[in-house]
Amino acid sequence: MLILTDKPVRVRFAPSPTGYLHIGSARTTLLTWLFARHSNGKFILRIEDTDQKRFVQDALDKLMQDIRWLGLEWDEGPDVGGPYGPYIQSERLELYQKWAHWLVEQGKAYKCFATEEELARAREISQKTRGGRIAGYERIYRFISDEERAKLEKERGSYVIRFAMPLEGETVAHDRIRGDVVFKNEELSDMVLLKSDGFPTYHLAVVIDDHFMQISHVTRTEEWLPSLALHHNLYEAFGWDEPEWVHMPVVLNPNGKGKMSKRNPPMVDGKIVPVMVNDYREAGYLPEALINFLTNVGYSFGDDQEIFNVQDTITRFDIDRVSPASAAFNFQKLVWTNGVYIRELTDEDLADRLVPFLQKAYGNVDRAKLVKIAPHIRERVNPLSEAVALLKFMFNFEPCPNDKLIQKNMDAAGTRNVLHLSYERLATLTDFSHEVQATVMEPLVEQLGLKKAQVYGTLRMATTAQQVSPPLFETMEVLGKDESLARIQAAEAQLNGA
RNA sequence: GCCCCCAUCGUCUAGUGGACUAGGACGCGGCCCUUUCAAGGCCAAAACAGGGGUUCGAAUCCCCUUGGGGGCACCA
């Protein structure tokens, strides 16, 4: 692909601080960040808080926390500063106001005094008389005389500033991954640039900030494509060099119907698929797995490799390989990817990552024990929060009732017998390793003429009270001889009492 | 409704006019392994939306249709 700009790469992620980070935003942020890192450019975080009505306390902190958790560090931003600050739009109001009025002076924008009612009426008339077309209905104050304008300003006081779009011809903007995008000017509206409260709209703020922050490439999702004509014309009106446009595909629901949305959470296998990055962290998805997975939503390296680390991803990333087509969120593949990463963790690392989940559920946890059990649960905890249920027997053991103790095709007497004989054999061991346990237990199974599932199932229920647990002998080894035998004995006693 | 974007297995995708009897991965199905649950191994099913062109030759280029997505605010 031909290089359209030789300016140093400076790209930004510009969220509106309304809550946690959306998984779709995370994907867009990731691709933007990869582009910056690959190009040795700058990745900038800018906060677009120009809607006072949507202000959410704490949202900024949550947002930054989520982005950092993913490992997408920014070079310039609200907390780290930088040469083009401030990086919060509400702190840049004067700039927007100055340039909005400059456009008015140049005759490229105008003050609009329309009330909501006037606008509604104009829209209605436009719809009726123009074959359903509503573009342009808002131009009621575009062509009035200077005298009228002065009069209205005196009478009404408040106004918005609208951009005067070209009325005929075409607007053509070039997108890096879509090529030329053509708009018929007669279809376009005069959008509001400066609201009556003096705050800019997104359209004005984004163009001014991107210009003054020297943004080289505007990366955002497809949702913004319809306003590309406006932004393109704004650059022209200001007489500024246009950045390169890069409109990325959106992330759709797992079923491909509609954007991922937390308001209508997608379902897979009857379960809700998390939409916010924060939910993935709390469920126990590894950030590196999320990054790996997200890289392949709407992007691919072109080979058959599925697992790659961040460093390789940065090195090999090529923005021209971003697909123009929207992509469904393949939740099952994310789960699989997460499993791959979990299995690659060392015992220590896995234990460390497990601690917060177990601590939350059971209070203080013994890390040394976790390290010991780690190899036996590695392929059984995906996401990590599943460890809470799987390891309950270690941290909050509650003996199981007799009916659970008694296995398929067995009765109380048989079960008691299994427990008793197992106890006797295991009690003789000085080495309680799982290998040695097997050497005494396998012959017992044969001697009893029972199935392994029956004998081991009985012991599993006795020692863990769980239908599902790590492998039995390994589990008893970690539990220790004393504790294991005590539980077996207690189970037998419980059965005797019945 | 109008405007914009998009179109290969169920899903993510490879593919940039001949190497395509279309490759990989997830998922699904089967078999194996197995003390539960996983993990793992092997095998299989599964797609170029349709129609016109262009070309010696089209999954690849063009047009139309259809389908999907996005947008139509003093929200971003």
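If you're wondering where the values come from, they're calculated on a predicted model, not measured in any experiment. Naming convention: chains lettered A, B, ... in sequence-line order (proteins, then strands); numbering from 1 in each chain.
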Distance, rounded to the nearest Å, where [X] contributes [atom1] and [N] contributes [atom2]:
X: A/M191; N: B/G71; atom1: CE; atom2: P; result: 13 Å
X: A/L194; N: B/A76; atom1: CG; atom2: P; result: 11 Å
X: A/R123; N: B/C74; atom1: CZ; atom2: P; result: 8 Å
X: A/D320; N: B/G15; atom1: CG; atom2: P; result: 13 Å
X: A/Q467; N: B/U35; atom1: CD; atom2: P; result: 17 Å
X: A/I47; N: B/A76; atom1: CD1; atom2: C1'; result: 12 Å

Establish, with yes or no, whether the OP1 or OP2 oxygen of [N] is under 4.0 angstrom from a side-chain nitrogen or oxygen of [X].
X: A/S300; N: B/A14; value: yes
X: A/K195; N: B/A76; value: yes
X: A/R343; N: B/G40; value: yes
X: A/R321; N: B/G15; value: yes

Exercise. For RNA chain B, whose closest nucleotide is more 5', that of A/T50 or that of A/Q305?
Worked result: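 First, find each residue's nearest nucleotide; the 5'-ward one identifies A/Q305.
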
For this session: Specify the residue among A/K259 and A/W336 whose closest nucleotide of RNA chain B lies further upstream toward the 5′ end.
Result: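 Its nearest nucleotide being more 5', the pick is A/W336.
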
Heavy atoms under 4.0 Å, any strand shown: does [X] hit a base, just sugar-phosphate, or nothing?
X: A/K452; result: sugar-phosphate
X: A/G457; result: nothing
X: A/N330; result: base

Problem set entry | Atom CD of A/E446 with >12 non-hydrogen neighbours under 6.0 angstrom |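 No, CD of A/E446 has 12 or fewer neighbouring heavy atoms, counting only those of other groups under 6.0 Å.
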
Problem set entry | Pairwise C1' distance for B/U66 and B/C12, with rounding to whole Å |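 Looking at atom C1' only, B/U66 and B/C12 are 24 Å apart.
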
Exercise. Which value, in whole Å, describes the distance between the C1' atoms of nucleotides B/G68 and B/U8?
Worked result: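 About 15 Å, rounded to a whole number of Å.
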
From the set [options], return the single nucleotide nearest to any side-chain atom of [X].
X: A/A325; options: B/G69, B/A7, B/U35; result: B/A7
X: A/P324; options: B/U35, B/C74, B/A7; result: B/A7
X: A/R162; options: B/U35, B/C26, B/C74; result: B/C74

Problem set entry | Cationic N near anionic O, under 4.0 Å, A/E48 to A/R46 |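 The answer is yes: the pair qualifies as a salt bridge.
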
Exercise. Is the centre of the A/Y202 ring less than 6.0 Å from the centre of the A/H231 ring?
Worked result: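 Centroid separation for A/Y202 and A/H231: below 6.0 Å.
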
Exercise. Taking the six-membered ring for Trp, are A/Y285 and A/Y341 ring centroids under 6.0 Å apart?
Worked result: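 Not close enough - the centres of the two rings lie 6.0 Å or further apart.
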
Problem set entry | Polar pair under 3.5 Å, donor/acceptor by atom type, side chain A/S196, base B/C74 |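 By the distance-only test, yes, there is a pair.
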
Problem set entry | Any donor-acceptor N/O pair, A/R176 side chain to A/W245 backbone, under 3.5 Å |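 Flag not set: sc A/R176 to bb A/W245 has no pair under 3.5 Å.
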
For this session: Determine whether the side chains of A/T32 and A/T219 contain a donor N or O and an acceptor N or O closer than 3.5 Å.
Result: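 The answer is yes; a qualifying pair exists.
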
